[in-house]
Amino acid sequence: MVEEKKKAMPHNVILEDRKRLSVSGVTDIDSFDEQTVALFCDSGELVIHGQGLHINRIDVDTGELNLEGESIDGLSYTDNHPMHGGFFSKLFR
């Protein structure tokens, strides 16, 4: 059996007025609440910190995520990659 390598999606982050964030290239979401959203992209894990955060739209086919909040206070990357899948892999079992 020949395994096809999944093509890496382009990863972009657009922050508007520290209240709206658009992220492309999302492969999975690890966790989310009103203060923190942790998601995975091909370049590692992206953690978004803020107040009153909520996800408006997630498209798992295109890897796009839109979220809003009272304030987005920080974005940080780590080199962690999902080991066993994240939120959406558990949700769609």
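Everything quoted here is computed from the prediction, not taken from an experiment.
- When each of I48, D17, V37 is checked for a side-chain contact (heavy atoms from CB on, under 4.5 Å) with I72, only I48 meets the rule.
- How far CG of L67 is from CZ of R20: 11.0 Å, rounded to the nearest 0.5 Å.
- Using a 4.5 Å cut-off between side-chain heavy atoms of Ile, Leu, Val, Met, Phe, Trp and Tyr, with links allowed through other members, F32 and V47 fall into different hydrophobic clusters.
- Between M9 and V26 the shortest heavy-atom distance is CE-O, 3.5 Å.
- Closest approach of S76 to H49, counting heavy atoms only: OG-NE2, 4.1 Å.
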message: Let's go through I29 and I58 carefully: what are the C-alpha distance in whole Å and the side-chain angles of both, what is the deciding distance for side-chain contact (heavy atoms from CB on, under 4.5 Å) to 0.1 Å, and is it a yes or a no?
response: CA-CA 10 Å; I29 295 182; I58 178 74; 4.0 Å; yes

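- Looking at T27, its side chain does come within 3.5 Å of a backbone N or O of F40 through a donor-acceptor pair.
- In summary, E70 and K19 do not engage in a salt bridge, as defined by a charged side-chain N under 4.0 Å from a carboxylate O.
- Residues N12 and V23 form no side-chain contact, since every pair of their non-hydrogen atoms from C-beta on lies 4.5 Å or further apart.
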message: For E64 and R57: C-alpha separation, side-chain torsions, deciding distance, then whether side-chain contact (heavy atoms from CB on, under 4.5 Å) applies.
response: CA-CA 8 Å; E64 295 181 11; R57 184 175 75 87; 3.0 Å; yes

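- Minimum heavy-atom separation, S24 to H11: O-ND1, 2.8 Å.
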message: One pair to check against side-chain contact (heavy atoms from CB on, under 4.5 Å): L75 and L46. What are the steps and the verdict?
response: CA-CA 7 Å; L75 306 169; L46 171 60; 4.1 Å; yes

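- Nearest heavy-atom pair across N66 and S22 is OD1-OG, 3.0 Å.
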query: Under the side-chain contact (heavy atoms from CB on, under 4.5 Å) criterion, do L39 and E45 qualify, and how do the steps go?
result: CA-CA 6 Å; L39 53 90; E45 183 178 22; over 6 Å; no

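- For Q35, the CD atom is densely surrounded, since the number of other residues' heavy atoms within 6.0 Å is greater than 12.
- Rounding to the nearest 0.5 Å gives a distance of 8.0 Å between CG of L53 and CG of D33.
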